[in-house]
Amino acid sequence: QIPLTTHQRARRAASRTHQQGQIDSAVSAWLLATIAKADELAERFGKKRRYFLDLFLHGGATMISKRKKISSWNTWVNLKARQLNADAAPGEAVSLQEIHSKRNEYSALTSEEKHQLVDQYVASKDALPNAIRTSPQGRASDMRNVARNMALLMKGLKTRVGAEGFFCIVRSATNFHADPQWYFSTPELENYMSVAVRGRWDTTQVGARIEAFALAGSNVVGT
């Protein structure tokens, strides 16, 4: 990778600073509107502003962990559809209406058997987030999506409690390509890194070095 010139680094940094300024302005406008809405709902429902701000600004955590209650009936229909349509040719799949007509089979199940169905379904669903992405595009997309979600969590934390920070995600496998994913809560924090390390700091170059370290099996000798 060809190192950037001083002029190129300065232009890139200025562009990032300008863009971050625009983002901060947009977020500030949204935050003011959110606070106003929280005040409105607090007065309407007799609760504190913080109650609604916590709902609005949870940073995505509840979206990740919250689970709706799963009914045994819906679970049975789902599993039955899989069984009946496992070897079905296109256009020959059993319809949902036909499956519903077999409700007597579901009614014959004991309460324990229904609970077991739900447990099996939940276990299969829980395994999906940990499923290995097989295609290079899927791996790269997964990495970018996780970085985006982490950035949202950081922004939510900053808004709620007042916190700054940064992260860098790099690939450690050679079977796909994805640029290092950096996030700084403020441009000033990134600019401060040269002071923190007491030397020259180039985010792009540091990311490339961290990636090389990870690709070498986190072995200093290998880099």
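Below, each value reflects all heavy atoms present in this structure, side chains not excepted, and no hydrogens, waters or symmetry copies.
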Q) Take atom CD in Glu164; do more than 12 heavy atoms of anything else shown fall under 6.0 Å from it? A) yes

Q | Set of ring pair (Phe, Tyr, Trp, His ring centres under 6.0 Å) partners for Phe166, sequence neighbours left out | A | Phe184

Q: Taking the side chain as every heavy atom from C-beta outward, state whether Tyr183 and Arg148 have any atom pair closer than 4.5 Å.
A: no

Q. Do Trp201 and Thr203 meet the criterion of a side-chain donor-acceptor pair at a distance under 3.5 Å?
A. yes

Q: Might you point out which heavy atoms bring Thr174 and Arg171 nearest each other, and give the distance in Å?
A: CA-NH1, 3.9 Å

Q.
Is there a side-chain contact between Leu157 and Leu153 in this structure, where contact means two heavy atoms from C-beta onward sitting under 4.5 Å apart?
A. no

Q.
So for atom CD, which belongs to Glu43, do other residues, nucleotides or ligands contribute more than 12 heavy atoms lying within a distance under 6.0 Å?
A. no

Q | Ser218 side chain vs Ala214 backbone, donor-acceptor pair below 3.5 Å | A | no

Q. Gln205 and Arg200: side-chain donor and acceptor closer than 3.5 Å?
A. yes

Q: Enter the distance from Ile210:CD1 to Ser172:OG here, rounded to the nearest 0.5 Å.
A: 13.0 Å

Q: Could you walk me through whether Met154 and Lys158 pass the side chain to side chain contact (heavy atoms under 4.5 Å, CB included) test, one step at a time?
A: CA-CA 6 Å; Met154 290 287 292; Lys158 177 179 179 178; over 6 Å; no

Q) Out of curiosity, Asn78 CG to Trp73 CH2, how far, rounded to the nearest 0.5 Å? A) 12.0 Å

Q: Taking Ser141 for its side chain and Gln137 for its backbone only, find out whether a donor-acceptor pair lies under 3.5 Å.
A: no

Q.
Are Val197 and Phe213 connected into the same hydrophobic cluster when the rule is that any two of I, L, V, M, F, W, Y join if their side-chain heavy atoms are below 4.5 Å apart?
A. no

Q.
Within this structure, what is the NZ-CD1 distance for the pair Lys102 and Ile99, rounded to the nearest 0.5 Å?
A. 8.5 Å

Q | Distance in Å, Met143 CE paired with Arg139 CZ, rounded so as to fall on 0.5 Å steps | A | 12.0 Å

(Q) Listing request: all ring pair (Phe, Tyr, Trp, His ring centres under 6.0 Å) pairs with a residue in residues 140-161, at least two apart in sequence or in separate chains. (A) none

Q.
Can you tell me how far apart NZ (Lys155) and CG (Leu152) are? Round to the nearest 0.5 Å.
A. 6.0 Å

Q: For Lys80, enumerate each residue passing the side-chain hydrogen bond (donor to acceptor under 3.5 Å, both in side chains) test, keeping only those at least two apart in sequence or located in another chain.
A: Glu105

Q: Return yes if a side-chain donor-acceptor contact under 3.5 Å exists between Glu98 and Ser101, otherwise no.
A: no

Q | Check: Asn74/Ser71 side-chain N/O donor and acceptor closer than 3.5 Å | A | yes

Q.
Please give me the minimum heavy-atom distance between Val170 and Gly207, naming the atom from each residue.
A. CG1-O, 3.8 Å

(Q) Within the 4.5 Å heavy-atom criterion, are Val206 and Met193 side-chain neighbours or not? (A) no

Q) Among pairs that include at least one residue of residues 173-187, which meet salt bridge (Lys or Arg N to Asp or Glu O under 4.0 Å), considering only residues two or more places apart or in two chains? A) none

(Q) Using modelled atom types and a 3.5 Å cut-off, is there a donor and acceptor pairing between side-chain atoms of Ser185 and backbone atoms of Gly165? (A) yes

Q: With rounding to the nearest 0.5 Å, note down the distance linking OG1 in Thr110 to NE2 in His115.
A: 9.0 Å

Q. Between Trp76 and His100, is the gap from one ring center to the other below 6.0 Å?
A. no

(Q) Within the structure provided, determine whether Thr186 and Gln20 are in side-chain contact (heavy-atom separation under 4.5 Å). (A) no

Q) Can you name the residues that form a side-chain hydrogen bond (donor to acceptor under 3.5 Å, both in side chains) with Tyr106, not counting sequence neighbours? A) Ser72

**Q.** Residue pairs passing the salt bridge (Lys or Arg N to Asp or Glu O under 4.0 Å) test where at least one lies in residues 10-20, sequence neighbours excluded
**A.** Arg16-Glu190

Q: Determine yes or no for a side-chain-to-main-chain donor-acceptor pair under 3.5 angstrom, with Lys48 supplying the side chain and Ala42 the backbone.
A: no

Q: Locate the shortest heavy-atom distance separating Ala208 from Pro180; write the atom from each residue and the value.
A: N-CG, 4.3 Å

